[in-house]
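First up is the structure itself, then whatever we jot down about it.
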2 protein chains.
Amino acid sequence: MTITIKDIANRAGLSAASVSRILTNRGRFSEKTAQHVRQLADEMGYYKNQSAADLSQKESRVIGVLVPITHTNFADEIIKGMQGKATELGYELLIAFIASDNQQQLKTIKSLLSRQLLAVVMLAIEIKDNTFKVLENADILLLSVSNQLNNVMPSISSDNYSMMFTIVDYLYQKGHRQIALIGASDQHSTVANLRRQGFIDALLKHKINYNPDFIYGDENAYQTGLNAIQKFGKPLPFTAVIGSADIISIGLLNGAKDAGIKVPDDLSIITIDGTELTELTRPILTAAQQNFAKMGELAITTLAGQKLSPDTVVFTNITLKQGGTVAQLD
Amino acid sequence: MTITIKDIANRAGLSAASVSRILTNRGRFSEKTAQHVRQLADEMGYYKNQSAADLSQKESRVIGVLVPITHTNFADEIIKGMQGKATELGYELLIAFIASDNQQQLKTIKSLLSRQLLAVVMLAIEIKDNTFKVLENADILLLSVSNQLNNVMPSISSDNYSMMFTIVDYLYQKGHRQIALIGASDQHSTVANLRRQGFIDALLKHKINYNPDFIYGDENAYQTGLNAIQKFGKPLPFTAVIGSADIISIGLLNGAKDAGIKVPDDLSIITIDGTELTELTRPILTAAQQNFAKMGELAITTLAGQKLSPDTVVFTNITLKQGGTVAQLD
DNA sequence: GTTTTTTGAGTAAACGTTTACGCAATAGTT
DNA sequence: AACTATTGCGTAAACGTTTACTCAAAAAAC
C-alpha cells in the first residue's frame, strides 16, 4: 500500500490541500507546520504520484528526448548537457530510444505522446515523413539537436556550412590541395547537403578546382571509411580526407593502415565530431570538434524560452582539436 | 486543446466508458462500433493520457531503467535487448541516466519513483549505500543487469567466476604461462572480486603459480590500461594480459603501441566485453564476449515472471571471439 | 478598540481514464 | 411462447494531486 498525501494529512491533522501546498511549495502555509509535514513525508517514505500530479496540472515540465538506438557516441554528451540544465531549471527528461524499424518507431512516438509533454527533442534523427506527420499533428513543441533541419523544425546544431570553411582553411594552410570528403553524399540529409556545399565553396575560395569524385559515401558508418580507401586505392589521388563523423574517420584510418598507407605521412585525416572515440586511435584523430554538451544545454534553455518557430536555428561553435593525423606538406 | 476520450464518445454518441473499453480492448463491445470508434480516434488525433490511465489502474507496466551517464558502450546493447522484449510483452521502458554526483543521483531516483513503476532495472551500476536504501525502502522490484550482486539484489549477468576459467584456459592452450589481469582490483565490486577469484583459481587449476602483482588497476577506464603498461615497463613480465573491459584493453593496446611493444608478438591481449569497440582497433581485439542483448531480454522476461528474490542470479553465456591480439607461443 | 489586511488552512471541483455494477435489448434454448 | 443466457453499453465511483474559492483567526493599521 503506497503512501498518499492524504495519509500524511491524517497524521498531521491537516487537509490534503495543505499538504500539497507545502510539498509543492506553492500558496500559503506556515513554516512551522511545513517543517512537520516535510518530516512526516520523509519518515513515511512518501513519493509523489506524478501521474496524479500531471493530471491535475495544465502545464507539463517533461521534455521527451528521442535518441537513435543505433549507437551514436555523441548522444550521451548531448543528454548530459540537457540533463544538467534540465534539473537546474526544473524540467524532467523522458528518454526514449527509437529504432529504425518503422512500426516500432510509431509505437515509441505514440507512447511518448501519451505522456503529457512540453516538447519533443530529437537527437540527430533523420526523421521519416510519416513519423514527422504524427509529431506535427500532435501540435507539440519540436526541436532537433545536432541535426540541422532548416525551415522544417527549429534546430540547434553546429553551422555545418561554415564549419567546412574552418576545416578546409586548416587543411589548405597545412599545404593540402587535393581534399576528399567522405560520408556526406546523402542528398536527403540537410546536414550532408550543407557540408557538401560548404566544402565546395571553401575549395572555390582557395581557387582549388573541385573534383566531384572526391565526395563519396553516404552512410554514417565504419564501413563507409573502409570502403572509401578501397575505392580510391593506392596511391590515393588526394593528400587529405575529411571524415564526416568519427566512426567514418576511424574506418578511414584503419582502411589506410590495412592498405599500407601511412597516416599522416601519406594521408591526412580530419574528422568531424571529435568525441572521445578520437582519443582511442593511434595517431589520435585531428578533429573539428562539435560542442555537444553545449547543444544539450541550449536545447533546454531554448525550450524554456519557448519562442520557437520552424526556422529558428541556434548554432554552437566548433573547435579545432589537434591530433596527429594531419601532416604539414612540403 | 487536447482530445480526450469524452470528445470521441460525444462524436460517436457513446459513453466514455465504452470508448475506453474499445480502445483498451477490454470488456464487452461490438466489433462494429469498435471500428467506428477506432477510426474516429485516429481521425481526431487522439492520444491516451497515460497519466490518467496510470492513475486509475492498479498495476503498472512501466519498467524504470537506470543507466550510468558515464558512457558505457554496452548499455545500448542491453537496452536494445530490453526494448525488443518489452514491446513484445507490452511493457514500457522509462530510461533515466544517472550521474555519479550523489545529489543528482537521489533526485533522479526520486523522480523515477514518482512514476508508478513495476520495477527498476539497473545497468552496470555500482550502487551507493544511501541510494540503495532509498530504492529498498520504496519496496519496488529491483534487478541488476550485467553487474552481479549476489544476495543483495537479483541480477542477470555473465558468470564472472567461470568466465575467467574460459579465458585462462584459452590463454593456457595458446602457450601462455605468465598472465596479468587489469582493471579488476576493486575490493568493493562483487564482479571484480569474482573475476579475481576465478582468475586465481583458474591459474591454480593449471598449476601456474600466481603472482599478486599481476592483478592491477581498479577503474574501468582507458587510462587504467595505459597506466598498466607504464607500470610494468618493457620488457613486460607477462606474455598475456586480460583487460577487464574493452576500454581498458584499448588502453593496453595503445599503451603497448606507445611503448614499442608489439601486439600480439610481444604481448597478447584478451578483453572482457567484446562490444563493437573491439572491431575498431588494429589488430582487432580478441574478446570474451558477453551477451548483452540477451541480458536485456532476460531482464524483461524475468520481471514478467516476477518470481524474484535477492539471490536470484541468471547467467548468460559468453563467447570467445577471435581477434588478432592473442598469439600462439612457441 | 475598531477596522482593515494578512495569514493559515479547509472545501470541493477538476484533471482523463478505468472498471465494477446494473439494465435493457437481443439471442439462444426448450 | 416463455424462459434463460448473452451482449452492448451507460452510470458512477475511484485513482492522487492541484487549485480557485472561502472563511476564521491573527496581525497590522488607524
Side-chain angles (χ1 to χ4, degrees), chain A residues 1-38 40-41 44-62 90 92 110-111 113-118 138, chain B residues 1-38 40-41 44-62 90 92 110-111 113-118 138:
Chain A
M1 208 228 44
T2 47
I3 312 289
T4 75
I5 229 176
K6 250 183 202 156
D7 299 322
I8 300 179
N10 285 341
R11 279 262 235 124
L14 287 170
S15 73
S18 297
V19 175
S20 172
R21 276 190 295 260
I22 288 168
L23 294 180
T24 55
N25 219 358
R26 278 186 271 248
R28 297 192 294 229
F29 52 83
S30 86
E31 190 47 40
K32 196 167 135 248
T33 46
Q35 280 183 5
H36 184 212
V37 165
R38 280 194 274 261
L40 270 180
M44 300 169 72
Y46 168 78
Y47 292 100
K48 177 199 292 202
N49 183 328
Q50 191 65 47
S51 296
D54 285 349
L55 187 57
S56 79
Q57 262 164 332
K58 32 221 89 210
E59 227 195 316
S60 167
R61 317 250 331 151
V62 180
E92 210 183 319
K110 277 209 167 191
S111 106
L113 292 175
S114 289
R115 315 255 154 205
Q116 267 38 53
L117 297 181
L118 168 64
Chain B
M1 210 228 40
T2 47
I3 313 290
T4 75
I5 230 176
K6 252 185 204 157
D7 300 322
I8 300 179
N10 284 341
R11 279 263 236 127
L14 288 170
S15 72
S18 298
V19 176
S20 171
R21 275 190 297 260
I22 289 168
L23 294 180
T24 55
N25 218 356
R26 279 185 271 245
R28 298 192 296 229
F29 51 85
S30 86
E31 190 49 39
K32 198 170 134 245
T33 45
Q35 279 183 6
H36 183 213
V37 165
R38 282 193 272 261
L40 270 180
M44 300 169 73
Y46 167 77
Y47 292 100
K48 176 199 290 204
N49 183 329
Q50 192 64 47
S51 296
D54 285 350
L55 188 57
S56 80
Q57 260 164 332
K58 34 220 87 214
E59 228 195 314
S60 167
R61 319 259 318 161
V62 180
E92 209 182 321
K110 276 209 169 193
S111 107
L113 291 175
S114 290
R115 315 255 155 206
Q116 267 39 52
L117 296 181
L118 167 65

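Every chain is numbered from 1, with letters handed out A, B, ... down the list of sequences. Basis for what follows: all heavy atoms, side chains included, without hydrogens, waters or symmetry-related copies.
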From Asn10(A) atom CG to Lys6(A) atom NZ, the distance as rounded to the nearest 0.5 Å: 8.5 Å
Rounding to an integer number of Å, can you tell me how far [X] [atom1] sits from [N] [atom2]?
| X | N | atom1 | atom2 | result |
| --- | --- | --- | --- | --- |
| Phe29(A) | dT6(C) | CZ | C1' | 16 Å |
| Arg28(B) | dT26(C) | CZ | P | 16 Å |
| Glu31(B) | dT26(C) | CD | P | 20 Å |

Test item: Ser60(A) side-chain N/O and Gln116(A) main-chain N/O as donor-acceptor pair under 3.5 Å: yes
Heavy-atom donor-acceptor pair, Thr24(A) side chain to Ser20(A) backbone, under 3.5 Å: yes
Heavy-atom protein contacts under 4.0 Å, nucleotides 14-19 of chain D, coded B base, S sugar-phosphate only, - none: -BBBBB
Salt-bridge present (Arg115(A), Glu92(A); N to O < 4.0 Å): no
Nearest heavy-atom neighbours spanning Leu23(B) and Tyr46(B): CD1-CE2, 3.7 Å
Heavy-atom closest pair, residues Gly27(B) and Arg21(B): CA-CD, 4.1 Å
Sugar-phosphate only, base, or nothing, as touched by Ser15(A) at under 4.0 Å among non-hydrogen atoms: base
